[in-house]
Amino acid sequence: MPLPSFTDDFPAWYQEVVRQADLAENSLVRGTMVIKPYGYALWEAIRDALDLRFKETGHQNLYFPLFIPLRLLEREKEHVEGFAPEFAMVTHAGGEELGEPLVVRPTSETIIWDTYAKWVQSYRDLPLLYNQWANVVRWELRPRLFLRTTEFLWQEGHTAHETEEEAWEEARRMLEAYRQVAEDVMAMPVFLGRKTPAERFPGAVETFTIEALMRDRKALQAGTSHYLGQNFAKAYGVQYLGRDGEQHFAEATSWGASTRLVGGLIMAHGDEKGLRLPPGVAPIQVVVVPIFRNDEERGRVLGETERLAESWRAVGLRVKVDDRDDLRPGYKFADAELRGIPVRVEIGPRDLDASQVTVVRRDTGAKSAVGMDAAATTLTALQDEIQRSLFDEALAFREAHTTRVGSYDELRDAIEDPGGFVFGGWCGDAVCEAKVKAETKATIRFLPFEPEPTAGPCVVCAQAAVDTAAWAIAY
RNA sequence: CGGGGCGUAGCGCAGCCUGGUAGCGCGCGUGCUUUGGGAGCACGAGGUCGCGGGUUCGAAUCCCGCCGCCCCGACCA
């Protein structure tokens, strides 16, 4: 089945890619999804890349329960108000109405900090550098596979520190971990910055974000890291005896990234033919399609194909031989393209006669003949080349869709065309922020860490700017 | 919750206005021929027509009620 054109109808294209490439499908309860093996493999690759960086920075995994007593959530006022509309609550269990409703976690700060209160007595107990891989539930009105589902998989890091400085460093360190995974593994360039108070995590003092640009020119928040100050420590009574002999509240951070990243991966690189996966996350890096016309050729080709595939696996490539008996090569080519496999190798009688294989890049479509002996080296080098090339292409696309403006008219125009990110001065007033949102649907995605001196006055009200803001229409 | 639309085979749809015993494409199964860009032919399997009630000799079709889903408006990884 051909895909809908992604320039004409991007949402339809997205939905069909997810379906046809066997990534996921909707399940019975609205907003819930079944993640299928190929889609889950993408998540595993992202998860492993993140987990590796968490461990490298000294974190350990642990696990907290799914259910949280409602009263526990209510202790941090801003936090509970922020999440209350999205709660899924359990009111009945064991055949009776519960004395106290249980909230299915929308995030775990509350139960974790309530527990940390028992674990933290002294400065010697700090820092706590913990992370959990879990599912969470936020009741969604407008679900979309991977991008916004009622239940999703994610990781949430929750750390406790002795000093404010340490906690700020932690929040920035984990933002950097997200940047690395997005850019170096997923080949998805991201901007880093702070959120405005309106877009901040409920209960946070500061929220940092990585923001990516999708091929329909909409922005995607791809990961967030929060400096929580002492808000949760105070609400849940996490105090320690300090080096100075006094009681102090612990300093906190939290940080999360979710299965939404799979959606970002699809939308950052996809094209008219389907997915284009960077080798860093591709479950299959090389697909081999054997070609033959009769039983004699079949035996010859399949034998050689398996031998070559094994030699490529031996150098560390993830190789799959598409030996499905009932499908013709043309179908397999299209199928491999749909699934975004970075490199396709065709091996047929003509190749065998010339001691070569035919190599086709998914990202550019370029086809070349490579001698069998050199193939392992060539294929390995190609993975790096494609990884880099996808990143460069995405970066060029983002640069072509990033504008700097000095007035409200320019802002409006730039949101329409070229779309993407629009940088301009901002006075810091939520009224100006809300006005832009109401009139253009664009929100402030982030405030860059380094304000741009050229940004000029607030593009909305012309008062003095205190920040540069990056506006975009977002998912 | 306000506005618009849709429920018929695994998926996408036609049939409904003008009642007469359910059809098309894709997919699925078997066989033969095919195989370097999404194969062809033949045969075949598969349906409580969203649910309940009513009108009628007869309802996917007409009437009443209900349920569910999708799209557009206020929040969110």
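In what follows, every heavy atom counts, from backbone to side chain, and hydrogens, waters and symmetry copies are set aside. Numbered from 1 within each chain, the chains take letters A, B, ... in sequence-line order.
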Are the side chain of [X] and the backbone N or O of [Y] linked by a donor-acceptor pair below 3.5 Å?
| X | Y | answer |
| --- | --- | --- |
| A:Gln285 | A:Pro279 | yes |
| A:Arg361 | A:Ala366 | no |
| A:Arg200 | A:Val205 | yes |

With respect to the phosphate group of B:A39, does any side-chain polar atom (N or O) of A:Arg328 fall under 4.0 Å of OP1 or OP2?
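Yes.
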Would you please confirm or rule out a distance under 4.0 Å between OP1 or OP2 of B:C75 and any side-chain N or O of A:Lys437?
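For B:C75, OP1/OP2 do have a side-chain N/O of A:Lys437 under 4.0 Å.
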Would you mind pulling out the nucleotide paired to [N], Watson-Crick or G-U wobble, both distances under 3.5 Å?
| N | value |
| --- | --- |
| B:A39 | B:U33 |
| B:A74 | none |
| B:G27 | none |
| B:C49 | none |
| B:G7 | B:C67 |
| B:U21 | none |

Selection: residues 278-292 of chain A, any non-hydrogen atom under 4.0 Å of RNA chain B
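Nucleic-acid contacts, sorted: A:Ile291, A:Phe292.
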Heavy atoms only, 4.0 Å cut-off, all strands: where does [X] land among base, sugar-phosphate and nothing?
| X | answer |
| --- | --- |
| A:Glu346 | base |
| A:Leu220 | nothing |
| A:Thr149 | base |
| A:Arg344 | base |
| A:Lys441 | sugar-phosphate |
| A:Gln15 | nothing |
| A:Asn294 | nothing |
| A:Gly256 | nothing |
| A:Thr107 | nothing |
| A:Pro349 | base |

For nucleotides [N] and [M], find the distance between their [atom1] atoms and express it as a whole number of Å.
| N | M | atom1 | result |
| --- | --- | --- | --- |
| B:C69 | B:G50 | C1' | 10 Å |
| B:G37 | B:U48 | C1' | 44 Å |
| B:G5 | B:A14 | P | 15 Å |
| B:G40 | B:G25 | P | 13 Å |
| B:G68 | B:C28 | C1' | 28 Å |
| B:A22 | B:G29 | C1' | 22 Å |
| B:U8 | B:A60 | C1' | 7 Å |
| B:C70 | B:U30 | C1' | 38 Å |

How many Å lie between [atom1] on [X] and [atom2] on [N], as a whole number?
| X | N | atom1 | atom2 | result |
| --- | --- | --- | --- | --- |
| A:Leu145 | B:A77 | CG | C1' | 15 Å |
| A:Glu439 | B:G73 | CD | P | 16 Å |
| A:Glu211 | B:C76 | CD | P | 13 Å |
| A:Glu140 | B:A74 | CD | C1' | 13 Å |
| A:Trp139 | B:C1 | CH2 | P | 16 Å |
| A:Phe333 | B:A39 | CZ | C1' | 14 Å |
| A:Asp325 | B:G29 | CG | C1' | 16 Å |
| A:Gln20 | B:G27 | CD | P | 12 Å |

Nearest nucleotide by nearest heavy atom, which residue falls closer to the 5' end of RNA chain B, A:Leu352 or A:Glu199?
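First, find each residue's nearest nucleotide; the 5'-ward one identifies A:Leu352.
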Could you check A:Pro143 against A:Ala222 and say which one's nearest nucleotide on RNA chain B is further toward the 5' end?
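Between the two, 5'-proximity favours A:Pro143.
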Given the side-chain rings of A:Phe191 and A:Phe446, with only the six-membered ring counted for Trp, is the space between their centroids under 6.0 Å?
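Centroid distance A:Phe191-A:Phe446: below 6.0 Å, so yes.
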Ring centres under 6.0 Å, that's the criterion: do A:Trp13 and A:Phe6 meet it?
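Aromatic pair counts; centres sit under 6.0 Å.
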Under 3.5 Å donor-acceptor pair, [X] side-chain atoms to [N] base atoms:
| X | N | answer |
| --- | --- | --- |
| A:Arg138 | B:C76 | no |
| A:Asp335 | B:G38 | no |
| A:Glu337 | B:G38 | no |

Residue pair A:Glu81 / A:His79, side-chain donor-acceptor N/O under 3.5 Å:
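Result is no, nothing qualifies.
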State, without any angle test, whether A:His158 and A:Ser254 hold a side-chain donor-acceptor pair at a distance under 3.5 Å.
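Absent: no donor and acceptor within the cut-off.
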So which of A:Tyr227, A:Phe201, A:Trp154, A:Phe54 actually passes ring-ring contact (aromatic ring centres under 6.0 Å, His included) with A:Trp255?
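Among A:Tyr227, A:Phe201, A:Trp154, A:Phe54, the one meeting ring-ring contact (aromatic ring centres under 6.0 Å, His included) with A:Trp255 is A:Phe54.
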Side-chain contact, heavy-atom cut-off 4.5 Å: A:Ser368 with A:Val360?
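Not touching, per the 4.5 Å side-chain cut-off.
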Could you check if a side-chain atom of A:Ile68 sits within less than 4.5 angstrom of a side-chain atom of A:Val104, using non-hydrogen atoms only?
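The answer is no; the side chains never approach within 4.5 Å.
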Shortest side-chain distance from A:Arg148, nucleotide among B:C76, B:A39, B:G36:
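The nucleotide sitting nearest to the side chain is B:C76.
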Audit row: A:Asp51, A:Asn61, side chain to side chain contact (heavy atoms under 4.5 Å, CB included) steps and yes/no
CA-CA 9 Å; A:Asp51 201 64; A:Asn61 287 329; 2.9 Å; yes
Is there ring stacking between A:Phe152 and B:A77, where the centres must be under 5.5 angstrom apart and the planes under 30 degrees?
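It does: the two rings, one from A:Phe152 and one from B:A77, meet the stacking criterion.
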